[in-house]
Every structure is written in C-alpha cells, then in structure tokens.
Number of protein chains: 2
Amino acid sequence: MTDGTYEALDEETLFLVSQTFKALGDPTRIRILHLLFEQELSVSNIAEKLDLNQSNVSHQLRFLKNLRLVKYRRDGKTIYYSQDDEHVMKILQQSIDHATHH
Amino acid sequence: MTDGTYEALDEETLFLVSQTFKALGDPTRIRILHLLFEQELSVSNIAEKLDLNQSNVSHQLRFLKNLRLVKYRRDGKTIYYSQDDEHVMKILQQSIDHATHH
DNA sequence: TTATAATATGAATATATGTTCATATGTGTA
DNA sequence: TACACATATGAACATATATTCATATTATAA
C-alpha cells in the first residue's frame with residue numbers, strides 16, 4: 001500500500017460491514033440494543049419500555065438476530081433476548097458516548 | 001443505573017448516532033471512505049477508481065460532508081475530498097478488519 | 001380439550017434511499 | 001468574450017425499509 005496501490009474491499013467484507021452498520025443506522029434498533037447493554041429482556045418487556053408495537057420489536061429482533069447481534073433463550077412462553085456481539089456493542093457504546101459529550 | 005433504572009437516550013443523541021451509522025450502512029459510501037483512509041482525492045478520481053457515476057459520487061460526498069465525515073478544499077477546477085472524523089474512520093477501519101479476519 | 005399469554009410471521013403501505021439523467025454552476029484558458 | 005473541464009444540483013425512478021394490522025405458532029394452565 002506504500003506504493004500507491006489501492007487494495008479494494010472484497011464484496012463479502014463490504015456486504016457484511018455495511019449490513020452491520022445498517023443495523024445500527026436505525027433509531028429503533030439502537031434503542032433496543034441500548035436496552036440490552038446491561039440486561040436480558042423479553043420481547044414484551046422491550047416493547048413496553050420503549051413504547052413500541054410488539055410486532056415491530058419482533059421484526060427488529062429478527063433483523064438483529066440474523067446478523068448475530070443478539071441471541072435468545074426461551075423460558076416457557078417467554079423469550080429473552082440479549083446481546084451477542086461484544087465488538088458491535090462496544091462500538092455502539094463508544095459512539096453514544098462520543099455523541100453525548102459533544 | 002445499578003438500581004435497575006433505565007436511562008433513555010435523548011432524541012438528539014439518537015438521531016446523531018443513527019445518522020452516522022446510516023452513513024456507514026451503504027457499500028458505496030464505505031468504499032469512498034475506505035479510499036480516503038490514506039489519501040485526499042478529487043471527485044472524478046474517486047468516480048474513476050470505484051467505477052461510479054460522477055453525479056453519484058457527488059451526491060454521496062454531500063451526504064458525508066453534511067455529517068462532517070469528510071471535508072474538501074478547492075484547487076482550481078478540482079475539489080479534493082479527505083476524511084474529517086478520526087473517530088468514525090477508526091471505527092470503520094476496525095470493523096473492516098474484524099469482518100476480514102472472520 | 002379449550003382458553004390464554006407470548007412471540008412470530010406475512011401482507012400491506014407509506015416513506016426513505018441510491019442511482020441515473022439532464023442541466024446548472026463555477027473555474028481556468030484561449 | 002467563448003469554450004472546456006470539474007463538480008453540484010434537482011427531478012425522476014426503482015428499490016429498500018420501517019411500521020402496522022391481522023393472524024399464525026408455540027407453550028402453559030384450567
């Protein structure tokens with residue numbers, strides 16, 4: 001790279017990175033992930049705390065789950081979601097701090 | 001926060017953070033920023049290197065400029081763009097590395 | 001079994017977004 | 001001045017996305 005050659009990003013990396021950032025590019029998903037910083041929560045709990053439609057929360061959680069940003073466990077009728085990507089959560093935390101202190 | 005109280009994100013922070021990540025949530029903008037990691041480039045140079053429409057590049061640069069992720073300087077007829085947010089560029093670099101090595 | 005609670009799913013819809021096209025603006029040069 | 005070059009802009013369009021509604025699935029309890 002010191003010779004001025006440009007190393008293009010491969011398609012796969014580009015897709016994965018953009019998808020991940022896309023997940024963080026929506027206020028609702030940020031709020032959900034922010035809730036999951038410190039705790040595991042059920043779908044209805046998240047919906048209640050954020051005043052969101054249950055279906056909406058469920059859709060967003062599926063999105064986040066597909067990207068492996070969250071995971072879930074079932075306990076009876078209830079499904080608890082929690083964070084599943086330290087790196088992304090760290091970046092989100094940093095960015096929120098950065099935005100807050102400015 | 002240790003008492004279980006949830007500190008909601010304020011609207012302004014939420015908007016700023018989501019907007020910033022939205023900027024990183026598009027392959028074209030990632031490619032542009034990736035180009036600007038190490039060098040300052042003109043609009044036509046970026047368009048050429050990435051095989052993109054000049055107008056498209058210009059639109060995306062405006063988007064990035066509005067968020068102060070890039071800055072520009074004019075030299076005659078040419079306008080050179082360069083990065084303008086170390087924090088965001090660092091996050092992007094980290095995420096690309098993370099995605100590449102996995 | 002039936003009823004109820006929690007969650008997931010798919011269709012519908014309105015809005016947002018990325019890209020292209022045509023053209024305007026700005027700058028240097030003959 | 002007139003022309004060419006570099007970039008910006010706005011309209012148009014196709015596609016993507018977020019949200020809601022209605023309903024399906026899954027699990028527990030009566």
Side-chain angles (χ1 to χ4, degrees), chain A residues 9 11 14-36 39-82 84, chain B residues 9 11 14-36 39-82 84:
Chain A
L9 290 171
E11 276 299 323
L14 200 56
F15 181 74
L16 182 57
V17 173
S18 63
Q19 276 295 111
T20 303
F21 282 125
K22 206 167 279 184
L24 302 179
D26 174 71
T28 299
R29 287 191 292 268
I30 291 182
R31 293 174 75 208
I32 291 174
L33 289 173
H34 184 243
L35 261 184
L36 299 180
Q39 50 191 329
E40 173 190 65
L41 286 171
S42 71
V43 177
S44 51
N45 249 297
I46 294 171
E48 188 188 5
K49 290 208 180 205
L50 300 182
D51 193 28
L52 293 171
N53 195 302
Q54 176 269 321
S55 177
N56 190 3
V57 173
S58 194
H59 279 300
Q60 302 296 0
L61 285 170
R62 177 166 56 172
F63 187 108
L64 297 171
K65 179 167 60 69
N66 287 340
L67 284 168
R68 298 181 194 281
L69 301 188
V70 302
K71 63 181 189 295
Y72 67 92
R73 72 177 176 86
R74 176 181 280 278
D75 180 12
K77 286 173 292 190
T78 307
I79 297 185
Y80 292 95
Y81 281 85
S82 56
D84 199 29
Chain B
L9 290 171
E11 276 299 323
L14 199 56
F15 181 74
L16 181 59
V17 172
S18 63
Q19 277 295 110
T20 303
F21 283 125
K22 205 167 279 182
L24 303 178
D26 173 70
T28 300
R29 287 191 292 268
I30 290 182
R31 293 174 76 209
I32 292 175
L33 289 173
H34 184 242
L35 262 184
L36 299 180
Q39 49 191 327
E40 172 190 66
L41 285 171
S42 71
V43 178
S44 50
N45 250 297
I46 295 171
E48 188 188 5
K49 291 208 179 206
L50 301 181
D51 192 28
L52 292 171
N53 196 301
Q54 176 269 319
S55 177
N56 190 2
V57 173
S58 195
H59 279 301
Q60 301 296 359
L61 285 171
R62 178 167 56 175
F63 187 108
L64 296 171
K65 180 167 58 72
N66 287 341
L67 284 168
R68 297 180 196 282
L69 301 189
V70 301
K71 62 180 188 292
Y72 68 93
R73 73 177 176 87
R74 175 183 280 275
D75 181 12
K77 285 175 290 191
T78 308
I79 296 185
Y80 293 96
Y81 280 84
S82 57
D84 198 30

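Model, not experiment: these values are computed from the prediction. Protein chains get the first letters and strands the later ones, always in sequence-line order, with residue 1 at the start of each.
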(request) Starting from P on C:dT7, measure out to CZ on A:Arg74 and report it in whole angstrom. (result) 9 Å
(message) Side chains of B:Leu36 and B:Leu41, heavy atoms from C-beta outward: is any pair under 4.5 Å?
(response) yes
(request) Would you check if B:His59 stacks with the base of C:dT19, given a 5.5 Å centroid limit and a 30° plane limit, both strict? (result) no
(request) Check every atom of C:dA6, C:dA8, D:dC5 against the side chain of B:Lys77 and return the nucleotide holding the closest atom. (result) D:dC5
(request) Send over the distance from A:Ile30 CD1 to D:dA18 P, rounded to a whole Å. (result) 11 Å
(message) When you measure only distances, ignoring hydrogens and angles, does the side chain of A:Gln54 come within 3.5 Å of the base of C:dA6 through a donor and an acceptor?
(response) no
Quiz: residues 69-78 of chain A side-chain donor-acceptor pairs under 3.5 angstrom, not counting sequence neighbours:
unit_1, atom_1, unit_2, atom_2, d
A:Lys71, NZ, A:Ser82, OG, 3.4
A:Lys71, NZ, A:Gln83, O, 3.1
A:Arg73, NE, A:Glu40, OE2, 2.7
A:Arg73, NH2, A:Glu40, OE1, 3.0
A:Arg74, NH1, A:Gly76, O, 3.0

(message) Expressed as a whole number of angstroms, how long is the span from A:Ile46:CD1 to D:dT19:C1'?
(response) 17 Å
(message) Between P on C:dA6 and OH on A:Tyr80, what's the gap in Å once rounded to a whole number?
(response) 10 Å
(message) Rounded to whole Å, please give me the gap between CG in A:Leu61 and C1' in C:dT9.
(response) 14 Å
(request) Decide yes or no for A:Leu61 and A:Ile46: does some side-chain heavy atom of the first lie under 4.5 Å from some side-chain heavy atom of the second? (result) yes
(message) Tell me whether B:Arg29 contacts the main-chain N or O of A:Ser18 through its side chain, where contact means a donor paired with an acceptor under 3.5 Å.
(response) no
(request) Describe the nucleic acid contact of B:Ser58 in one word from base, sugar-phosphate, nothing, applying a heavy-atom distance below 4.0 Å. (result) base
(message) Counting C-beta onward and ignoring hydrogens, is there a side-chain heavy-atom pair between B:Leu50 and B:Val57 closer than 4.5 Å?
(response) no
(message) Can you tell me which nucleotide in D:dG10, D:dT20, D:dT7 comes closest to the side chain of B:Ser55?
(response) D:dG10
(request) Could you state the atom-to-atom distance from CG of B:Asn66 to C1' of D:dT9 in whole Å? (result) 13 Å
(message) A side-chain contact here means heavy atoms from C-beta on lying under 4.5 Å apart; do B:Ser55 and B:His59 qualify?
(response) yes
(request) Could you check which of C:dT27, C:dA8, D:dA8 has an atom nearest any side-chain atom of B:Tyr81? (result) D:dA8
Which atom pairs link the protein and nucleotides 15-18 of chain C when you take only N or O atoms and keep those under 3.5 Å?
unit_1, atom_1, unit_2, atom_2, d
C:dT17, OP1, B:Lys22, NZ, 3.3
C:dG18, OP1, B:Arg29, NH1, 3.2
C:dG18, OP1, B:Arg29, NH2, 2.6
C:dG18, OP2, B:Arg29, NH1, 3.1

(request) Give the rounded distance in Å between these two atoms: CG of B:Asn53 and P of D:dG10. (result) 17 Å
(request) Kindly say if B:Ser44 contacts the phosphate of D:dT7, meaning a side-chain N or O under 4.0 Å from OP1 or OP2. (result) yes
(request) Measure from CZ on A:Arg73 to C1' on C:dT7 and round the result to the nearest Å. (result) 15 Å
(message) Contact between A:Asp26 and A:Gln60 at the side-chain level, heavy atoms closer than 4.5 Å - yes or no?
(response) yes
(message) Looking at C:dT9, I'd like to know if its phosphate oxygens (OP1 or OP2) sit under 4.0 Å from a side-chain N or O belonging to A:Arg62.
(response) yes
